[in-house]
Amino acid sequence: MVDRDTTDWRDALWTAHAPLFDGGLPFASGIGTLPVGWREVVESLCSRLAAVAPAETGRVRVLRLENDRAALNVAWEMIRPHGGVEAEAAEIVARATARSACTCEICGRTAARYRIGFSMFAVCPVHRRRGSIEIAPNWPTIRTTRAFVEGLSRIVGCEVYDRGLDRFVAAAPSALGIKDSP
């Protein structure tokens with residue numbers, strides 16, 4: 001859901017971080033379609049990406065930002081890739097994606113992802129729609145590491161995004177509702 005009356009923060013974001021968007025047009029970046037509740041998530045993402053990759057080490061270019069199934073999807077690339085910077089930028093993007101999936105699209109409070117039919121949204125209990133079903137596990141907030149064990153692909157490590165700490169922390173797959181793959 002997009003609040004059409006509150007576009008000033010999006011315009012200010014575009015102006016403040018124009019180098020990240022490399023001269024593209026504002027509507028092409030998708031900024032205008034982002035929900036107002038994700039303001040802090042998107043502003044933080046852009047500030048962190050701009051800080052991690054100054055022009056002399058290799059610059060990050062944001063191609064598109066969009067709400068994809070109630071989680072922020074960031075299409076980005078490195079101009080003059082630099083290994084350490086690229087890994088740090090990838091972590092910043094992963095944290096922003098995870099944070100959006102647990103941030104209310106309307107007010108910015110702690111939220112969960114829900115669905116009604118094929119429509120998905122991240123909302124807090126106050127903004128939850130009648131008849132909506134919680135999506136669990138909340139995959140955009142979970143990272144898994146797989147390895148081949150006895151010839152089969154298995155989850156060998158799991159991390160979940162901690163909104164309070166703004167980072168991924170180790171977690172048991174079973175605690176997140178993830179069953180061991182066959």
Side-chain angles (χ1 to χ4, degrees), residues 1-82 84-115 119-129 132 135 138-141 143 161-168:
M1 177 177 209
V2 176
D3 183 351
R4 302 267 182 223
D5 297 328
T6 312
T7 57
D8 58 316
W9 74 270
R10 295 175 190 103
D11 294 338
L13 177 78
W14 178 262
T15 303
H17 296 289
L20 276 179
F21 300 101
D22 203 23
L25 299 172
F27 66 85
S29 69
I31 289 174
T33 65
L34 297 175
V36 70
W38 288 357
R39 176 181 180 170
E40 181 273 328
V41 174
V42 177
E43 287 175 344
S44 176
L45 165 75
C46 291
S47 295
R48 290 173 179 178
L49 286 176
V52 77
E56 59 273 7
T57 60
R59 199 167 61 74
V60 174
R61 182 173 141 197
V62 176
L63 305 171
R64 182 136 182 92
L65 300 167
E66 63 186 344
N67 182 344
D68 182 22
R69 294 172 290 191
L72 181 65
N73 182 15
V74 183
W76 64 283
E77 67 181 1
M78 286 291 300
I79 298 171
R80 289 180 302 167
H82 183 276
V85 172
E86 193 165 3
E88 195 169 346
E91 178 66 15
I92 290 167
V93 169
R95 287 189 353 235
T97 298
R99 188 168 188 84
S100 69
C102 59
T103 300
C104 182
E105 297 174 8
I106 298 167
C107 68
R109 290 189 206 121
T110 300
R113 290 172 65 234
Y114 297 92
R115 69 176 177 82
S119 178
M120 296 181 195
F121 40 91
V123 291
C124 64
V126 172
H127 294 108
R128 182 177 177 185
R129 299 175 194 162
S132 60
I135 300 169
N138 189 358
W139 282 108
T141 64
R143 286 198 296 204
Y161 179 75
D162 183 314
R163 191 172 192 272
L165 298 174
D166 189 32
R167 66 183 175 99
F168 286 91

(message) Atom CZ of residue position Arg143 - does it have more than 12 heavy atoms of other residues, nucleotides or ligands inside 6.0 Å?
(response) yes
Is [X] reaching over with its side chain to a backbone N or O of [Y], donor-acceptor style, under 3.5 angstrom?
X: Trp38; Y: Thr103; answer: yes
X: Arg109; Y: Val126; answer: no
X: Arg113; Y: Cys102; answer: no
X: Glu105; Y: Ala122; answer: yes
X: Asn138; Y: Thr141; answer: no
X: Ser132; Y: Arg128; answer: no

Once rounded to the nearest 0.5 Å, what's the spacing between atom [atom1] of [X] and atom [atom2] of [Y]?
X: Ile92; Y: Trp76; atom1: CD1; atom2: CH2; answer: 9.0 Å
X: Leu45; Y: Thr97; atom1: CG; atom2: OG1; answer: 8.0 Å
X: Thr15; Y: Arg10; atom1: OG1; atom2: CZ; answer: 14.0 Å
X: Ile79; Y: Arg59; atom1: CD1; atom2: CZ; answer: 4.0 Å

(request) Looking only at non-hydrogen atoms, find the nearest pair between Trp9 and Leu34 and report the distance. (result) CZ2-O, 4.2 Å
(request) Return the minimal non-hydrogen interatomic distance between Ala70 and Met120, and the atom names on each side. (result) CB-C, 3.9 Å
(request) Measure from NZ or CZ of Arg129 to the centre of the six-membered ring of Phe121 and say whether it is under 6.0 Å with the direction within 45° of the ring axis. (result) yes
(request) Answer yes or no: is there an ion pair linking Glu40 with Arg99, defined by an N-O contact shorter than 4.0 Å? (result) yes
Check whether any side-chain heavy atom of [X] lies under 4.5 Å from a side-chain heavy atom of [Y], and answer yes or no.
X: Leu72; Y: Val41; result: yes
X: Asn73; Y: Leu65; result: no
X: Phe21; Y: Leu63; result: no
X: Cys124; Y: Cys107; result: yes
X: Leu13; Y: Cys46; result: yes
X: Val36; Y: Ile106; result: no
X: Ser29; Y: Arg64; result: no

(request) Could you walk me through whether Asn67 and Thr33 pass the side chain to side chain contact (heavy atoms under 4.5 Å, CB included) test, one step at a time? (result) CA-CA 8 Å; Asn67 182 344; Thr33 65; 5.9 Å; no
(message) I'd like to check the side chain to side chain donor-acceptor pair (under 3.5 Å) partners of Arg61; sequence neighbours left out, ordered by chain and number.
(response) Glu77
(request) Check the pair Phe168 / Arg95 against side chain to side chain contact (heavy atoms under 4.5 Å, CB included), numbers first and verdict last. (result) CA-CA 8 Å; Phe168 286 91; Arg95 287 189 353 235; 3.9 Å; yes
(request) Would you please name every residue forming a side chain to side chain contact (heavy atoms under 4.5 Å, CB included) with Asp162, sequence neighbours left out? (result) Leu165, Val169
(message) Regarding Ser44 and Arg48, do their side chains bring together a donor and an acceptor under 3.5 Å, going by distance alone?
(response) yes
